[in-house]
Structure formats: structure tokens, C-alpha cells
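In each ligand, atom 1 is the first atom listed, and ligand 1 is the first ligand listed. Just the heavy atoms: all of them, side chains too, but no hydrogens, waters or symmetry mates, feed the values below. Since we're looking at a predicted model, the values are computed, not measured.
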Amino acid sequence: MSPPQDKRDIGTDGSPSSDEETSRSRCLMRALKTLSAGNRMLLRAADEQELLRGMCRVIVDEGGYCAAAVGYARHDASKTMPMVAYALPNEHHEGEDAFFKTLELTWADTELGNSAMATTIRSGAPCIGRNLLTDPDHAPWREDALRFGYASHTAFPLRVEGEVIGALGIAAAEPDAFDDAEVRLLNELADDLAYGIANLRTRIKHREAEETVRRMAYYDPLTGLANRSLLREQLQVAIANARQRQHPLGLLVLTISHLQEINDTLGYQQGDRLLQAFGERLRLAVSEAETVARVGDTEFAVLLPYGDASHATQTAKRLIAALYEPIEVSGLRLYARGTIGISLFPGHGIDADSLLRRARAAMADAKQGGHAFGVFTASLDQECSSRLAMMGDLRGAIEHNELVLHYQPKVHIASAQICGAEALVRWQHPARGMISPTEFVKLAESSGLITPLTYWVLETAFRQRYIWHEAGVERPLSVNLSAHDLKDRKLIGKIKGLFDTWGAQPDWIQFELTESGLMDDPVGALEMLKHLKQLGVTLSIDDFGTGYSSLSYLQKLPVDTIKIDQSFVRSMVDSTDSAVIVRSTVELGHNLNLEVVAEGVDSQAVWDRLADLGCDVVQGYFVGMPMPAEQFTEWQGSSPWASGMAAPH
Ligand code: C2E
Ligand code: MG
Ligand code: MG
């Protein structure tokens with residue numbers, strides 16, 4: 001490594017004259033201006049090229065320098081150093097491309113490699129104040145310097161992950177420009193630029209890793225078809241569309257018979273080939289808008305996003321016919337037969353799980369009866385009729401106070417102290433015992449009972465929060481709102497009324513909204529969140545990772561917290577996919593300045609991993625179960641988490 005080269009002149013007596021002082025302070029000012037404009041550029045740039053180009057323009061336009069360029073060190077045979085971004089002042093703007101693109105530069109240790117930028121790349125240190133008019137090393141570029149009006153040149157290394165990837169070159173009009181203070185500031189600018197480059201590159205790597213994880217998580221490796229997770233998601237999207245545009249949709253579930261015999265007689269390899277051929281036939285038999293998925297070892301599903309009963313049965317017949325032809329595997333003609341079950345939205349179910357379950361019930365019934373396909377009928381399971389009965393019961397339950405709220409603590413990881421609680425509703429059914437909200441909240445949503453349910457929850461939560469306030473316990477209580485609540489125009493008024501009634505402060509109550517709920521109607525949800533936010537409350541996105549909001553949408557939402565869905569958290573110790581998702585969600589949340597909560601934390605191992613990742617808050621059985629109010633109050637008073645004494649090591 002050669003030392004930094006400094007060819008600046010120093011005054012004869014060693015002390016600067018007042019002219020020099022003025023010119024120095026001018027230089028310092030331009031460097032400072034460049035540094036601060038450069039920082040703004042760093043925050044704005046979305047990709048590397050934009051960052052480099054923007055930085056060069058800032059140096060020339062804001063800093064008033066005569067030229068700026070970034071050269072990257074290629075590791076090819078002749079160590080070329082292409083100018084990947086550059087800027088000249090406006091009057092030379094037109095000649096910019098012609099000039100920089102034709103420069104044939106190298107960072108090799110040769111005569112042509114003596115430019116300031118090449119020297120910097122080789123040495124890893126700034127090459128300062130090269131006088132272009134007198135310096136023999138710069139003879140090849142002297143003519144250009146005169147043409148573009150600059151006389152000195154300084155270059156700074158760009159170091160990314162410990163390696164000098166290139167150099168930032170800056171030219172000034174004066175032959176003796178760039179004193180120590182200015183160099184220090186510009187070096188800082190180059191370091192900032194390198195940091196920005198590294199950051200953008202890391203972001204790309206993360207995006208690619210996430211894309212791979214997503215692909216692996218969504219496709220069946222054997223057939224290349226969508227897997228169960230992707231089908232479920234697409235089914236959810238199709239249901240949301242069908243609900244909005246009020247049209248039916250169909251779901252077919254198909255099982256192959258005789259596969260076990262084929263596996264037993266010919267081996268798994270032939271069985272696999274048969275499955276592949278089978279999947280391919282199904283794919284060719286439906287239109288492009290219709291999804292074929294492999295949802296089990298011997299089970300396929302076909303989603304018909306626009307299918308009524310007649311379209312679904314026609315499709316089933318077409319599939320049966322397509323599969324009738326024998327499939328040739330290794331010269332053998334194999335006959336594999338399929339049986340199909342059909343369910344329809346909304347007649348047989350209004351969510352993905354019930355449609356899948358009912359298509360399967362129809363398939364089992366058809367198989368048992370020896371039919372090629374069958375459509376679900378209510379008698380196949382008791383659910384349809386019991387749904388109606390339960391709907392009536394729920395209405396009564398809200399009126400007769402059969403609902404209760406349980407409270408689950410949230411704990412701040414760093415201090416191991418309780419920092420709030422979430423209110424979770426339960427239904428104490430006189431005959432069926434305690435019913436979980438997963439069973440009745442959806443039912444309430446689809447039957448118009450969600451509004452009275454939510455209002456009951458809100459009233460109870462505010463009352464409980466007031467009781468805690470009276471007892472001197474001031475921790476926020478979170479209330480879950482459903483996607484349907486976001487369409488309720490009276491909700492804001494209701495909440496305002498409760499704040500007034502109880503004399504509640506904005507930090508008493510927080511709200512949680514599921515990501516998938518927000519994505520049901522992203523525009524309407526955003527409006528509603530803005531109104532909620534005006535009340536001064538904290539808002540969380542619940543079940544984050546299951547709703548597929550885009551980054552740009554997320555940035556628009558006035559939320560404070562994201563709660564990573566427990567399905568990822570609970571499995572993060574055993575599944576690398578989940579661990580990657582949790583890690584990137586923590587990073588994403590922090591990059592957006594959001595607090596990150598992990599729910600479903602049910603063991604010390606998960607706590608430890610989350611602590612390592614820098615997650616902020618946890619909620620889960622490891623800390624405390626959801627408890628009735630009195631029990632929670634007692635727990636809150638006596639728990640080691642109340643004093644931070646429970647900190648797990
Ligand atoms: P959520 O808001 O994501 O609540 C977290 C759920 O995870 C709760 O289930 C909680 O009991 C459970 N949980 C917490 N820690 C653990 C753990 O360590 N392991 C496991 N396996 N589970 C854990 P819960 O109470 O059954 O509620 C389910 C969902 O029902 C809630 O998910 C929420 O979306 C909805 N819900 C609950 N109460 C209300 C409500 O008042 N209004 C509305 N609209 N939805 C509600
Ligand atoms: Mg919640
Ligand atoms: Mg959740």
C-alpha cells in the first residue's frame with residue numbers, strides 16, 4: 001500500500017494568508033454543503049445506479065465542484081475501471097456521456113493506471129490534490145482538464161464489506177484545492193456513499209433470499225404445481241374477489257386411486273413419474289386462470305375462481321375424461337383413476353378451510369358410493385346446520401353477557417417487564433363450554449353480528465382499563481378489530497364516546513388489525529386507520545406475514561407496531577424458513593421505525609432467538625396465558641415479570 005499522496009503547496013512561511021483563509025473557508029463550506037445534500041441523497045435513492053448518479057450530481061450541483069465521477073474496479077484481465085456514474089456542471093452537460101463513456105481507464109499498476117482514482121483503488125487511501133496542469137502522471141488527461149475548466153483532482157476509496165470496489169473522484173477549478181478539513185469531509189461523504197452501496201446490495205440479497213424462501217414455500221417440488229399453502233392463499237384471494245363482485249367460485253379436490261399399488265409394485269420412482277404426468281394432465285385440462293395444486297400425497301385441487309355449480313361439474317367431467325387415457329411411464333401403460341369432490345362459494349362455505357374441508361367430504365362420499373365425482377350437500381356434515389344454530393346463539397350471547405374477555409400479558413424483551421396486555425374474547429356457551437374466538441369471530445363477521453360483538457368488547461375493555469387505572473396500573477390494553485369493523489362508519493364515534501365516558505387517555509387503549517383484514521380493502525382500511533390514528537392511539541398490524549401487504553402500502557399505514565404471526569414464531573426454532581421470515585420481519589419493522597412484537601412465544605428457546613434478533617416485545621404462553629380479569633390482576637401484581645425479575649437467561 002502506498003501512502004496518501006498530497007501535492008498541495010504550503011505558504012512559504014508555513015502560515016496561511018487572509019486570502020488563503022477566505023478560500024479555505026469557502027472550500028469548507030462547499031464540502032459541508034455537499035455532505036449534507038449527499039446524506040439526503042442516501043435516504044432517497046432506491047437503487048445503486050440512482051444513488052451513484054445522484055451523488056455525482058449533488059457534488060457538482062450543490063457543492064459547486066467541476067466534476068465528479070465514480071469508477072468501479074473490475075477484476076478482468078486488464079483491470080478496467082469503467083466510469084459507472086459521473087456529472088459535469090450544466091454548461092458541459094451535453095458532452096458528459098461522450099466524454100466519460102469513451103475514457104478507457106484502468107486501475108492496473110501501469111502508466112495509464114496513474115490517475116488519482118486508480119492510485120486510490122490500489123492503495124485503499126485517498127489520493128489528494130493532484131494538480132492536473134503540472135503533474136506528469138496526469139498528462140493524458142490534461143487536455144480534458146483544460147476543456148472542462150478543472151485543475152486539481154482528489155479521489156477517495158469506496159470500501160464495501162472490507163473491499164475497495166472503486167473510487168469517487170472529485171475535481172475542482174483551483175490547482176491547489178482540497179485542504180485537510182475539506183478532504184476529511186469529502187472522505188466522510190465517500191464513506192457514506194460506500195455505506196449506501198453496501199446497504200442497497202444487502203437489501204437486494206435479502207430480497208432474493210426471501211424470494212427463494214417464498215418459492216420453496218409455495219410450490220410442490222415433485223410436480224412443480226402450487227402446494228397447499230399457495231392454493232389456500234389463492235383461494236382466500238379468490239373468495240375476497242368473489243365476495244366483492246358477488247359471483248360464485250368452485251373448488252375441486254381430486255384423489256388418485258391405485259397409487260399405493262403402483263408404488264408397491266413398480267417402486268416409488270414410477271409412482272412419482274405417474275404423479276408428475278397426472279399433474280400435467282390436470283394442468284392442461286383447465287384454463288390458465290384456474291389453479292391446479294398438489295395438496296396431499298395423492299391429492300390435487302383445482303380452483304375455479306369463476307365457477308358456478310354447472311361449470312364445476314363440467315370441469316370435473318372433463319378432468320375425469322382427461323385422466324381416463326392411460327399414462328405411459330417407462331414403457332408401461334398405467335391406469336390411474338381419480339375421484340373428485342366439489343364445493344362452492346358461498347353455498348357450501350365462506351372461507352378457504354371450510355371449502356377445502358367440504359370438497360374433501362364430497363370426494364370421500366363419491367368414492368364410497370363408487371362415483372367419479374360428487375358435489376357437497378349439507379347432510380355430509382353437521383356444520384351447515386349447526387352454523388345456523390350457533391348464529392342464533394351468538395346473538396343471544398352478546399345480549400345476555402355470555403361473552404368474557406381474557407387478558408394476555410405482553411413483555412418487553414430488553415427489560416423483561418410487562419408492557420401491556422391484549423384483550424381476547426371468549427364465549428361461555430351454556431351447553432358447549434368455552435368457545436374460542438377462532439370459531440365464532442368469523443361467524444359473527446359473515447352474519448352481521450360483528451358490530452355488536454366489537455362494541456361489547458370495546459365497552460368491556462374500556463371498563464377494565466378504567467378499573468386498572470383506579471388501581472394505579474397504567475399499562476396499555478390492546479383490542480382486536482375485525483376487517484368488517486373497518487367499514488363501520490359509526491366505529492370512530494363509538495370509540496370517541498368511550499374515551500369521553502371513562503376519561504381515558506389515548507395511551508390507555510391500543511388497536512390491533514390483522515394484515516389480511518387490511519388487505520381485504522387496502523384503500524378503505526388506510527382511511528379508517530388515519531381516523532383512528534387521529535385519536536392519538538397506538539395501532540398494530542396483527543398476524544403480520546399472512547396478509548401480503550406490499551412494502552409501499554406498509555409505509556403509508558399510520559401504524560406503530562407489527563406483530564409477527566405466531567405460525568412463524570412458534571416454528572422458528574425448528575424451521576429455517578420460519579426463522580428467515582422472523583428475522584427479515586424484525587429487520588423490516590425496524591427499518592420502518594416500527595416496534596416489533598412476536599406472538600405465540602411458548603418456550604425459552606424461542607425467547608432467546610427473538611432476543612438475539614432484537615425483537616422488542618413478546619407475547620405467548622411462555623410469559624403468560626390469556627386470563628380472566630381477576631386472575632390477570634392478581635398475576636400482574638405478583639408476577640416476577642412485573643418487576644423484571646423473570647428475565648430468562
Ligand atoms: P390474535 O389477535 O393474533 O391473538 C393471539 C392468539 O394467540 C390468541 O388466541 C392467543 O390465545 C393465542 N396465543 C397466545 N400465545 C400463544 C402461544 O404461546 N401459543 C399458542 N398456541 N397460542 C397463543 P385466541 O384467543 O384463540 O384468539 C384467536 C384470534 O381471534 C385472535 O388472534 C384474534 O384475531 C381473534 N380475536 C380474539 N378476540 C377478538 C376480539 O375481541 N375481536 C376480534 N375482532 N377478534 C378477536
Ligand atoms: Mg391480536
Ligand atoms: Mg395474531
Side-chain angles (χ1 to χ4, degrees), residues 351 394 397-398 402-411 420-428 433-465 476-488 491 494-495 509-518 520 525 528 538-547 559 561-573 578 582 585 596-607 609-610 617-629 632:
D351 59 57
L394 181 58
I398 300 169
E402 281 174 20
L403 300 180
V404 279
L405 281 190
H406 281 192
Y407 303 88
Q408 186 176 33
K410 296 182 187 180
V411 165
E422 177 173 16
L424 295 157
V425 67
R426 268 100 185 92
W427 178 7
Q428 262 174 327
M434 196 68 99
I435 306 180
S436 140
T438 47
E439 276 190 72
F440 64 86
V441 169
K442 274 236 152 55
L443 181 70
E445 284 176 344
S446 64
S447 58
L449 287 172
I450 192 66
T451 308
L453 174 81
T454 301
Y455 286 13
W456 182 91
V457 170
L458 283 168
E459 281 160 15
T460 313
F462 269 87
R463 191 178 315 114
Q464 186 58 51
R465 184 60 187 80
L477 176 61
S478 298
V479 172
N480 291 283
L481 293 178
S482 118
H484 288 249
D485 293 323
L486 296 178
K487 296 195 172 71
D488 175 7
L491 181 70
K494 173 81 190 173
I495 296 173
I509 300 286
Q510 307 185 338
F511 293 103
E512 294 188 8
L513 300 112
T514 61
E515 189 189 13
S516 54
L518 295 173
D520 268 356
M528 189 59 157
T538 294
L539 301 178
S540 300
I541 306 182
D542 206 349
D543 302 352
F544 188 80
T546 59
V559 293
T561 304
I562 48 180
K563 291 185 83 172
I564 312 175
D565 187 61
Q566 50 174 291
S567 59
F568 305 119
V569 175
R570 292 220 309 270
S571 56
M572 69 182 288
V573 177
S578 298
V582 172
T585 310
V596 183
V597 182
E599 54 182 353
V601 177
D602 54 11
S603 69
Q604 167 95 53
V606 176
W607 169 292
R609 293 288 287 274
L610 290 164
V617 172
V618 300
Q619 181 182 344
Y621 296 169
F622 179 60
V623 172
M625 304 278 289
M627 300 164 245
F632 184 85

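- Taking a 4.0 Å cut-off on heavy atoms, R426 registers as neighbouring ligand 1.
- The distance criterion of under 3.5 Å between nitrogen or oxygen atoms is met by E422 with respect to ligand 1.
- Protein heavy atom at the shortest distance from atom 24 (P) of ligand 1 is P437 CG, 3.7 Å.
- In this view, Q510 and S478 satisfy the side chain to side chain donor-acceptor pair (under 3.5 Å) rule, not counting sequence neighbours.
- Closer than 2.8 Å to the Mg ion (ligand 2) sit the protein N, O or S atoms E422 OE2, N480 OD1, E512 OE1, D542 OD2.
- For the pair E422 and K410, the salt-bridge criterion is not met [side-chain N within less than 4.0 Å of a carboxylate O].
- Considering only non-hydrogen atoms, atom 6 (C) of ligand 1 lies nearest to Q566 out of Q619, E439, Q566, K563.
- If you number the atoms of ligand 1 from 1 as listed, the ones under 4.0 Å from a heavy atom of D542 come out as 1 (P), 2 (O), 3 (O).
- Between R570 and ligand 1, at least one pair of N/O atoms sits closer than 3.5 Å.
- In this structure, M625 does not count as a contact residue of ligand 1, since none of its heavy atoms falls inside 4.0 Å of the ligand.
- Ring-plane geometry between W427 and F440 is classed as perpendicular, the angle between the planes exceeding 60 degrees on a 0 to 90 degree scale with a lower cut at 30.
- At a 3.5 angstrom cut-off on N or O pairs, T514 does not count as close to ligand 1.
- By the 3.5 Å distance cut-off applied to N or O atoms, P626 is not counted among the residues near ligand 1.
- The distance from ligand 1 to the heavy atoms of G620 drops below 4.0 Å at these ligand atoms: 15 (N), 18 (O).
- Remark: ligand 1 atoms within the under-4.0 Å shell around heavy atoms of Q408 are 10 (C), 14 (C), 15 (N).
- Of the listed residues (L403, N480, T438), the one carrying the non-hydrogen atom nearest atom 43 (C) of ligand 1 is N480.
- No donor-acceptor distance shorter than 3.5 angstrom exists from the side chain of Q566 to the backbone of V601, with no hydrogens or angles considered.
- Nearest to atom 3 (O) of ligand 1 by heavy atom, out of D543, L458, D602, is D543.
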